[in-house]
2 protein chains.
Amino acid sequence: MKVIEVIAKIPLFSGLPKEQLAKVAGIVTEQALDKGEAIFSQGDEASGFYVVTSGMVKIFKLSSEGKEQILHFVGPGQTFGEVPMFSGERFPANAEAIEKSRVLFLPRTLFLELIKQDPFFAMRMLSELSKRLRHFNRLVEELSLKEVPGRLAAYILYLSGSKGGAEEITLSITKGHLASLLGTIPETISRILGKMSSQDIIRVQGRKIKILNRRTLEEISESGKYFL
Amino acid sequence: MKVIEVIAKIPLFSGLPKEQLAKVAGIVTEQALDKGEAIFSQGDEASGFYVVTSGMVKIFKLSSEGKEQILHFVGPGQTFGEVPMFSGERFPANAEAIEKSRVLFLPRTLFLELIKQDPFFAMRMLSELSKRLRHFNRLVEELSLKEVPGRLAAYILYLSGSKGGAEEITLSITKGHLASLLGTIPETISRILGKMSSQDIIRVQGRKIKILNRRTLEEISESGKYFL
DNA sequence: AACCTTCCTTGACTTAAATCAAAAAATAAT
DNA sequence: ATTATTTTTTGATTTAAGTCAAGGAAGGTT
């Protein structure tokens, strides 16, 4: 697919007039990444931001002991690394492809120009950042106020909800990544899923999770409590 | 002080032409708040956002058991409640004055108009939101990857001004609020401060903290580990 | 001063979840 | 297929920090 077609499909750019799109297409550079390949690290100088065109990228923090906290995953059409565009010059987290992926790099200058010229572009960017703020809002709430079973229940319900109340969902990530996203470790996830299965709240087969008792799951999510 | 003078001093609005300032001044409404008074609650409909003109406001989440996680404090000149302006219509957290305060309320419509008319205003807003994203970034990192002593050490160092700044700092909040900001409880803060004092890392007198051993404090902050 | 809140500290105890270790399953590679 | 690598599970143990309870200190008010 041509770069300009790819760009036209990215929500951030959709709606831009054709000449603008062509301009963007002329400036961006594409990058192919293997699984596990790093895109940038915390503290790196940021001279632009990225858009995923295929594959999946994780944005994460590392502790000094090597524990990883995933902030979020970025899939096709989504952007990452925009924050240093506005305040500060360095990336506040790490980015790494978790599967074979392609990303576009957009230099800061292009970006600032678009904002100045097009108030709708600015609005779209504001909307994007505020969505991310909401996400962090929830992440902080869960990390601080819910126990791990509550976070896991909330995540399962979130996955099921986005598919319009589907009773069976499929994880698009490993359970290890899920653990890191929920601020815990694989062992703990494994134990909780096991316990929930034995109580017929869910049924787990590999990456497929079937919700058997939504009501209980909601209680665990809301109260943040669940006795193993 | 006149409302227009107050507004002119708010970073978000500084730089706006006089007619714009006058327009803003004509639209905003002022609100006086007593200590402990709520401004909005999570889930409330948002029809605008706020600027603190005096006093101090806390933005926080509550667990179902009543535990509080403070997201941040908002002081004079700073804004809060802008996120629902762009995505969603409801406040994602609670806001409450922690001392006698005054806030200005700015309706959403005014705001959207300013953004459309003035790209610099949009830029300033983007800069503000990205600053907040950085803050959440750090909060998530600390909650998930550092133990409480690490978070506390980082906070003390932050107050002192990361470089070889002031050796004596004064908390502007209660230790209970500090606990809530760091995602823990007053007892834990008390114990850690006590231990650090007994090891001559700091000296605590009421709300004043004197740094005696910055090196050790930095180690605790960076490694996130400290054996009580 | 004496009173009353609010805030802070200390001690004994409990608990959720991390760590360590090792095996079993599932995927991918040759 | 067979091996190799990654992912997941299970069990025993440790630990950081939360809970409960009660006593002090500090600050504001009359």
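Chain A is the first sequence line, chain B the second, and so forth, proteins listed ahead of strands; every chain is numbered from 1.
- Among the nucleotides C:dT9, D:dA17, C:dA17, the one closest to the side chain of B:K175 is C:dT9.
- The side chain to side chain donor-acceptor pair (under 3.5 Å) pairs that include a residue from residues 42-54 of chain B are B:E45-B:R90, where partners are two or more places apart or lie in different chains.
- The CD1-C1' distance, from B:I98 to C:dC7, rounds to 14 Å in whole Å.
- Atom-to-atom, CD1 of A:I189 to C1' of C:dA17 comes out at 11 Å; the value is rounded to the nearest Å.
- Between B:R214 and B:L157, the closest heavy-atom pair is NH1-CD2, 3.9 Å.
- Here B:K67 does not reach the OP1 or OP2 of D:dT19: none of its side-chain N or O atoms lies under 4.0 Å away.
- Stem regions annotated for DNA chain C: C:1-6 with D:25-30, C:9-30 with D:1-22, counting only runs of 3 or more consecutive pairs of Watson-Crick or G-U type with both contacts under 3.5 Å.
- If you measure from atom OH of A:Y226 to atom P of C:dT15, you get 17 Å, rounded to the nearest angstrom.
- Sorted by first then second residue, the side chain to side chain donor-acceptor pair (under 3.5 Å) pairs that include residues 68-81 of chain A, not counting sequence neighbours, are A:K58-A:E68, A:E68-A:S180, A:Q69-B:S144, A:T79-A:E82.
- Residue pairs that meet the salt bridge (charged side-chain N to carboxylate O under 4.0 Å, His left out) test with at least one member in residues 1-10 of chain B, sequence neighbours left out, do not exist here.
- Side chain of A:P186, nearest nucleotide from D:dT9, C:dA18, C:dC7: D:dT9.
- D:dA16 atom C1' lies 17 Å from atom NZ of B:K146, rounded to whole Å.
- As judged by a 4.0 angstrom heavy-atom cut-off over every strand, A:T174 is placed among residues touching the sugar-phosphate backbone only.
- In this structure, A:I192 places its CD1 atom 6 Å from P of C:dA17, rounding to the nearest Å.
- Taking B:F91 as the reference, B:F40 meet the ring-ring contact (aromatic ring centres under 6.0 Å, His included) condition, with sequence neighbours excluded.
- Rounded to whole Å, the distance from CG on B:L152 to C1' on D:dA16 is 15 Å.
- Residue whose closest nucleotide on DNA chain C sits further toward the 5' end, between B:G176 and A:K35: B:G176.
- The environment of B:Q205 atom CD is sparse: at most 12 non-hydrogen atoms of other residues, nucleotides or ligands sit within 6.0 angstrom.
- Atom P of nucleotide C:dA28 and atom CG of A:D34 are separated by 15 Å, given to the nearest angstrom.
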If you restrict it to nitrogen or oxygen atoms, what contacts under 3.5 Å exist between nucleotides 27-30 of chain D and the protein, and what is each distance?
none

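- Of the charged side-chain nitrogens involved, at least one lies within less than 4.0 Å of a carboxylate oxygen, so that A:E141 and B:K61 count as a salt-bridged pair.
- Regarding A:I185, its CD1 atom lies at a distance of 13 Å from the C1' atom of D:dT15, rounded to whole Å.
- Within the structure, side chain to side chain donor-acceptor pair (under 3.5 Å) contacts touching residues 93-106 of chain A (residues at least two apart or in different chains) are A:E30-A:R102.
- Among residue pairs with one or both ends in residues 201-210 of chain B, those qualifying as salt bridge (charged side-chain N to carboxylate O under 4.0 Å, His left out) are B:D200-B:R203; sequence neighbours excluded.
- For residues 181-221 of chain A, no residue pair satisfies the ring pair (Phe, Tyr, Trp, His ring centres under 6.0 Å) rule, not counting sequence neighbours.
- Shown here are the ring-ring contact (aromatic ring centres under 6.0 Å, His included) partners of A:F49, two or more places apart in sequence or in another chain: A:F111.
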For nucleotides 20-27 of chain C, tabulate all protein N/O to nucleotide N/O atom pairs closer than 3.5 Å, reporting atom names and distance.
residue, atom, partner, partner atom, Å
C:dC20, N4, A:E187, OE2, 3.3

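- Listed by first and then second residue, the ring pair (Phe, Tyr, Trp, His ring centres under 6.0 Å) pairs that reach into residues 175-209 of chain A are A:F73-A:H177, sequence neighbours excluded.
- Taking only side-chain nitrogens and oxygens, B:T184 never comes nearer than 4.0 Å to OP1 or OP2 of D:dA17.
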